Q: 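So that we are looking at the same thing, I have put the structure below in structure tokens.
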Amino acid sequence: MMQLIPNLQKAVATAVQQLFGVETEWQKVQINQTPAEFTGDYSVVVFPFVKLAKKAPDQVAQEIGAYLQEQVPEVMAFNVIKGFLNLEISEQYWLQFLQAVLNDPQYGRQTPNGRKVMVEFSSPNTNKPLHLGHIRNILLGWSCSQLLEAVGYDVVKVQIINDRGVAICKSMVSWLKWGAGKTPESEQIKSDHFVGDYYVLFERNSKAEYETWQSTAEAQEFLASKRKPSQNEKDFFKDYKNAWFNTHSQLGAEVREMLLKWEAHDPDTIALWKQMNGYVYAGFDQTYADLGVHFDKLYYESDTYLLGKDIVEDGLKQNVFFRKEDGSVWVDLTDAGFDQKVVLRADGTSVYITQDLGTARMRFHDFGCEKMVYVVADEQNYHFSVLFEILKRLQEPYAAGLYHLSYGLVELPTGRMKTREGTVVDADDLISEVRRLALEGLSERGDTTEAAQLETAHKVGMAALKYFIIKVHPHKKMIFNPEESVDLQGQTGPYIQYSYVRINSLMQRVQREQIDTACATDYTGLNAAEKELLVAVQDYPDVIRQAADNYDPSLVANYCYNLAKNFHRFWHDVSIFNAETPEARAFRLELSRAIGLVLKSGMRLLGIEMPERM
RNA sequence: GGCUCCGUAGCUUAAUGGAUAGAGCAUCUGACUACGGAUCAGAAGGUUAGAGGUUCGAGUCCUCUCGGAGUCACCA
């Protein structure tokens, strides 16, 4: 594949060297697409050379332009406006470029580089079904994995499943007390929702127990003695809830007992735990399948929660950690702008970060990845800063390749989602809703069989949902408007799919009418719309590289939209089948085909599939 | 209070330090006996939160201020 842009950059650097006698790094030469209102395809920014050349910007641009026109065969003409050097690329180049794209099934992707990266995403708790927040996480993790793969990495996709602890014990206690004997089958309910319902039931009953307790003499005594002057009764009991659950609650006692039995490997408890988690996993599998994602390796917290002790020993030996009189182990990160942090309790048990230290090391031993990406919401920014800093100080071999892909929380127009207020948007509900709406919108020109219609509706609905979420830069918190997320018009996934469907429809006609497109290379008279599309196609590999470098799929999402938009306009303004000449027709068909390939490839990086008709 | 992230049109958002800040939604007006109208074109909508600074050039980089969010547990 020809490398036009790097060639131009190098040629400019050589020109500057020869004309003005100054060395410049060719990678730093800036070449942009020429805005539509000027003639030209690419523009060289010459301002950085003005000082070096000691000449006026226009003069510098003129000289470099003349040099390029002379030395670079692809540069057909140039013009200079207000210090910008606009280059026109030869038609011949563009025609060859188009053929090269069509002959490269991997266009835009880089060859494998033999380097391994791990991406962790999703990582749910097992006490309730997946929700909208997980969806953003999963889409980011998945498309990031695809992007890294596209730039050559060998990617290992993992999640750590938080399958132990208080949360799942609540569901277990709840089911034993109020649901024993019932199963997802008997209740005709998706199995992860079955477990989630018992969790919700537990919380409801626990709340009732707390409210009853609040009116007892004992509770009123606590209120009187522990309330801060600034608190009213309601605020006090809100803040006191956790403490109450751990000290006075009957249900709380049952949960703690369950947790202790689990830790003691009590057979009945383990069996129940496995049963409940099994329900949840079956449900998750369905949701993951609907979302079109999968993992290469699952880690379970029940296997990893005790890890990290050896790393603590190492840290003590290396004097990265220190022990206090009570026996607890700490790390002092104050010189890096963080605080002191416990890594091992006085009783020798792990804390959260200890697990993560141990898990990181275990993963490195498992796969030897030089990079590890954690897709976790930005609530945990501080945690990951600290985690990475510690691993760096321990001189773990993978420490330089750690990255926290932090993303903003998903909020509703009404504010943050809250379990207690029942405003959490369930993943499965959302998926079936977008499918339903997409099914309603299918045209009579689309599929004829019901199975095909359902499949297309799935693709279109998921495209709407996924695109709505992935187009926003990860760092930004996002407002999820359910109505807009199922929109099929405007800057949406279905809009991009529709451009692909149009192209597909052209290709089918080419097939049907046995049109020979070989004469595309004889086309002359490229118009502005065609060139704009070619420039965009040429930009694709760079977009992937940038998106991967920045762990930012939204760049690809916006690129695909722009390309689709340009194509829709092209379709509207220019006759493809009824083109002026057979060469023009062949060329436009080939150009359309290339755009279809790029769109399909780009959307695939976002986890979005293209329908053949819709 | 310390640290981190965010602030662009009524709403949702885009813009490797480059030319007149670009879209979509909503509003209004147009375009199919034409390759698929889930489309296209046009109108209207902006002091890029504010003030300084660096630069030939700043939405973008630096400083301060204001507003919002998160975090600062021997929870996970």
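In this text, all values refer to a predicted model and were calculated from it rather than measured experimentally. Numbers restart at 1 for each chain; the letters A, B, ... are given by sequence-line order, proteins then strands. Note: hydrogens, waters and symmetry copies are ignored here, and every other heavy atom, side chains too, is used.
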Q: So is the aromatic ring of A/F47 stacked onto the base of B/rG18, judging by whether the centres are under 5.5 Å apart and the planes are under 30° apart?
A: yes
Q: Is it true that the side chains of A/Y199 and A/N125 contain a donor and an acceptor less than 3.5 Å apart?
A: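 No, no side-chain donor-acceptor pair sits under 3.5 Å.
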Q: Ring of A/F38 versus six-membered ring of B/rA19: centres under 5.5 Å and planes under 30°?
A: yes
Q: Have a look at A/V50 and say if it touches a base, only the backbone sugar-phosphate, or nothing, with a 4.0 Å heavy-atom cut-off.
A: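 Nothing, no heavy atom under 4.0 Å.
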Q: Donor-acceptor pair under 3.5 Å: do we get one between A/N481's side chain and the base of B/rC25?
A: no
Q: Quantified in whole Å, what is the C1' atom distance between nucleotide B/rU16 and nucleotide B/rA58?
A: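 B/rU16 and B/rA58 have their C1' atoms separated by 15 Å.
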Q: With a 6.0 Å cut-off on ring centres, are A/F480 and A/F468 close enough?
A: yes
Q: Is there a donor N/O on one and an acceptor N/O on the other, under 3.5 Å, for the side chain of A/T492 and the base of B/rA38?
A: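 Such a pair does not exist between side chain and base.
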Q: Just the rounded figure in Å: distance from P of B/rG36 to CG of A/N578.
A: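 It works out to 11 Å between those atoms.
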Q: Between B/rA14 and B/rG24, how far apart are the two P atoms, rounded to whole Å?
A: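 Approximately 15 Å lies between the P atom of B/rA14 and that of B/rG24.
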Q: Rounded to the nearest angstrom, tell me the gap between atom CG in A/L85 and atom P in B/rC56.
A: 21 Å
Q: Find out whether the Lys NZ or Arg CZ of A/R164 is both under 6.0 angstrom from the six-membered ring centre of A/Y305 and within 45° of the ring's axis.
A: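 Here A/R164 passes the 6.0 Å and 45° test against A/Y305.
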Q: Just to be sure I understand the rule, does A/L555 reach a base, reach only the sugar-phosphate, or reach nothing, if contact means heavy atoms closer than 4.0 Å?
A: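 Contact class for A/L555: sugar-phosphate only.
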Q: Work out how far the C1' atom of B/rA49 is from that of B/rG67, and round it to whole angstrom.
A: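 Looking at atom C1' only, B/rA49 and B/rG67 are 7 Å apart.
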Q: To the nearest Å, give me how far apart CD (A/Q497) and P (B/rA38) are.
A: 14 Å
Q: Does A/N86 make a side-chain donor-acceptor contact with the base of B/rA19, cut-off 3.5 Å?
A: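 In this structure, the two groups form a donor-acceptor pair.
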Q: Reckon A/Y382 touches a base, only the sugar-phosphate, or nothing at all at heavy-atom distances under 4.0 Å?
A: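 Touches sugar-phosphate only.
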